[in-house]
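Count residues from 1 along the sequence. Worth knowing before you read on, the calculation uses all heavy atoms, side chains too, and leaves out hydrogens, waters and symmetry mates.
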Amino acid sequence: MYHNGTIHTFGHTRANMHKFDGKILIVDDDQAVLYTARMVLKQMFAHISTESSPSQIIPLLRQTAYDVVVLDMNFAQGKTSGQEGLFWLREILNLDPQTQVIVTTAYGDIELAVSAMREGAIDFLVKPWEKEKLLATVHTAFQLSRTRREVAQLRRRQQTLSQELETPFAAMITRSPAMQPVLDAIQKVAETEANVLILGENGTGKELVARAIHCHSLRAAEAFIKIDLGAITETLFESELFGHTKGAFTGAVEDRAGRMEVASGGTLLLDEIGNLSLPLQAKLLTALQSKQVIPVGTHQPIHIDVRLICATNQPLHELAAAPKPTFRQDLLYRINTVEIFLPPLRARREDISVLVAHFLRLYGKKYGKETLQISRKAMRQLEKYTWPGNVRELQHAVERAVIMSSHATLEAADFLLDHAQPTRLPDVETYHMETVEKNTLTEAIRKHQGNLSKAAQELGLGRSTLYRKMKKYDL
């Protein structure tokens, strides 16, 4: 409405209204209508196009992906049936189904409105329309258009990812016998709806295993959403996972879907679940049991349907069984229908050379050094290194070596292993498994000066498992 020459809409003035980066097309044979609509809508949207001839609609849509088209239903003089508008409505949606179309007419014909909605129009305006009504209707259609385009983009990305993994576990590079139980578990669990708990040290590839499960599941065409629970603060936990409504708290300027809602229909990876506090564990358990989330600022529950995968480097069973538990037993039962343990890189040394070759090809291509090779001596040194940061540390080491090297062949010095003062696996004269295991346990305990918690953590074992092995070898 007008007041003292200033347009007031939704509590904003022309001077302070936030503009959306939306593309709006108005098609009407009345120049006065086009002018007025442009003046009203340019307050809210950055890109407004007008057109008086419907024959230009298709050329315009082929040049620009419009979020919203405001389409008149009658163009030829004396025509009031709306058949022209219905024709162009079908043409628009046939060319770009993601475009939201609002139809307008000077005749309040309910049957015509119903026909337009059946053909795919998102809304209907009767001229002369109120400015506030025009803004509100176009804004709603714009938000829906952007949401649908984002969902379509997400689906395309997921489909591309699935195509890249057409061969089983193509992205998982391994030849180690220690990884065979992991591959077998992925094969068995992928097509089920079972909840999966992936255990392993940081950098071992837990997210890669989760993605492999998703991409070979019945939900492969749906979203894969990862939530790093270790990076979410207590105050933002509910907002991030469950969503919030506009005005629910300071900074909540619009409604926002939580990540659990976004993942509905697909797979949800809760990474670093062992870092959650007990109060947050209780809230998460309630949502998982009820299969509902309640956004902050409302009491209206939203149903969710997710395939749950959790990952952690924490010994959850020990945390749940401790005299003062720091992890809920009932939550553990909820998330670990199937457990997959991902061994550390030092327990799958056969994979070091194939991983180095893979990363060397990857970063050689990225940095224009595709002929770069690695010496045998350097490879032997890499295979002896314990890699406390696992595959992630190896990946970063290779990338840095590729970037910094000025020679055709990478040597051990290029990886800065001595500079990092690595602990190396002991050289042994036998490869008998029990002897190697005993020597490795002894070296880890010696390194940490008898601190069994730290030794167990480096070995990727729980304390109780380490105690049993120490008793076995009389250490």
Can you name the nearest heavy-atom pair linking F415 to A401, along with the distance? CE2-CB, 3.8 Å

Is there a side-chain contact between D351 and R348 in this structure, where contact means two heavy atoms from C-beta onward sitting under 4.5 Å apart? yes

What's the separation between atom NE2 in H216 and atom CD in Q187, rounded to the nearest 0.5 Å? 7.5 Å

Heavy-atom check, side chain of I403 versus side chain of Y363, under 4.5 Å: no

What are the two closest non-hydrogen atoms of N390 and N202, and how far apart are they? ND2-O, 2.9 Å

Between N336 (side chain only) and V338 (backbone N and O only), is there a donor and an acceptor less than 3.5 Å apart? no

Ignoring hydrogens, what is the shortest heavy-atom contact between M117 and A121? Give both atom names and the distance. SD-O, 3.5 Å

Please round to the nearest 0.5 Å and tell me the distance separating atom CG of L60 and atom CD of E51. 5.5 Å

Between H214 and A223, what is the shortest heavy-atom contact and its length? CE1-O, 3.6 Å

Main-chain N/O of L61 paired to T64 side chain as donor or acceptor, under 3.5 Å: no

Taking the side chain as everything from C-beta on, heavy atoms only, tell me whether L71 gets closer than 4.5 Å to I57. yes

Result block: side-chain N/O donor-acceptor pairs under 3.5 angstrom for residues 87-97, not counting sequence neighbours:
{"from": "R90", "atom 1": "NH1", "to": "E119", "atom 2": "OE2", "distance (Å)": "3.1"}
{"from": "D96", "atom 1": "OD1", "to": "Q98", "atom 2": "N", "distance (Å)": "3.1"}
{"from": "D96", "atom 1": "OD2", "to": "T99", "atom 2": "OG1", "distance (Å)": "3.0"}
{"from": "D96", "atom 1": "OD2", "to": "R149", "atom 2": "NH2", "distance (Å)": "3.2"}

Flag if over 12 foreign heavy atoms under 6.0 Å of CD, Q329: yes

Hey, does F327 have a side-chain heavy atom less than 4.5 Å from the side chain of Q281? yes

R307/E222 ion pair, N-O < 4.0 Å: no

Verify, without hydrogens or angle tests, whether K206 (side chain) and E201 (backbone) share a donor-acceptor contact under 3.5 angstrom. yes

Beyond-backbone contact of D330 with L285, side-chain heavy atoms, under 4.5 angstrom: yes

Point-to-point distance, once rounded to the nearest 0.5 Å, from OG1 of T204 to CD1 of I198: 9.0 Å

Output, in order, the C-alpha distance, side-chain angles, deciding distance and verdict of side-chain contact (heavy atoms from CB on, under 4.5 Å) for S277 and E234. CA-CA 8 Å; S277 66; E234 298 257 345; 2.8 Å; yes

Do you know which two heavy atoms are closest between A212 and M172, and how far apart they sit? CB-SD, 4.1 Å

With a 4.0 Å cut-off, would you call D72 and K127 a salt bridge? yes

Is it the case that the side chain of T286 and the backbone of A282 share a donor-acceptor pair, with hydrogens and angles ignored and the cut-off at 3.5 Å? yes

Does Q31 form a side-chain contact (heavy atoms from CB on, under 4.5 Å) with S52? I'd like the steps, not just the answer. CA-CA 7 Å; Q31 291 294 336; S52 59; 3.5 Å; yes

One pair to check against side-chain contact (heavy atoms from CB on, under 4.5 Å): T174 and L183. What are the steps and the verdict? CA-CA 10 Å; T174 180; L183 302 180; 4.1 Å; yes

For the atom pair NZ (K226) and CG (L269), what is the distance rounded to the nearest 0.5 Å? 6.5 Å

Worked check of side chain to side chain donor-acceptor pair (under 3.5 Å) between S53 and S55: CA-CA 5 Å; S53 173; S55 63; 2.7 Å; yes

I need the F142 CZ to I122 CD1 distance, nearest 0.5 Å. 14.0 Å

Passing candidate, side-chain hydrogen bond (donor to acceptor under 3.5 Å, both in side chains) with D67, options Q143, H47, R146, Q100: R146

Would you call E261 and R256 a salt bridge, taking side-chain N to carboxylate O under 4.0 Å as the test? no

Indicate the ring-plane relationship of H139 and F45, choosing parallel, tilted or perpendicular according to the 30° and 60° boundaries. tilted

Verdict with reasoning, L199 to L342, per side-chain contact (heavy atoms from CB on, under 4.5 Å): CA-CA 6 Å; L199 302 170; L342 200 53; over 6 Å; no

May I ask you to decide if the ring planes of F249 and H244 are parallel, tilted or perpendicular, using 30° and 60° as cut-offs? perpendicular

Using every non-hydrogen atom in the two residues, find where A178 and A347 come nearest and quote the distance to one decimal. CB-O, 3.7 Å

Euclidean distance, L345 CG relative to L355 CG, rounded to 0.5 Å: 6.5 Å

Residue pair C310 / N195, side-chain heavy-atom distance below 4.5 Å: no

So D305 and R219, salt bridge (Lys or Arg N to Asp or Glu O under 4.0 Å) or not? Walk me through it. CA-CA 11 Å; D305 169 30; R219 297 172 179 252; 2.8 Å; yes

Any side-chain heavy atom of L268 sitting closer than 4.5 Å to one from I309? no

Using the rule given for side chain to side chain donor-acceptor pair (under 3.5 Å), can you reason through T312 versus E272, listing the C-alpha separation, both sets of side-chain angles and the distance that settles it, and then say yes or no? CA-CA 5 Å; T312 183; E272 304 295 350; 4.8 Å; no

Side chains of M39 and Y35 in contact at under 4.5 Å (non-hydrogen atoms): yes

Polar side-chain atom of D123 near backbone of T137 as donor-acceptor pair, under 3.5 Å: no

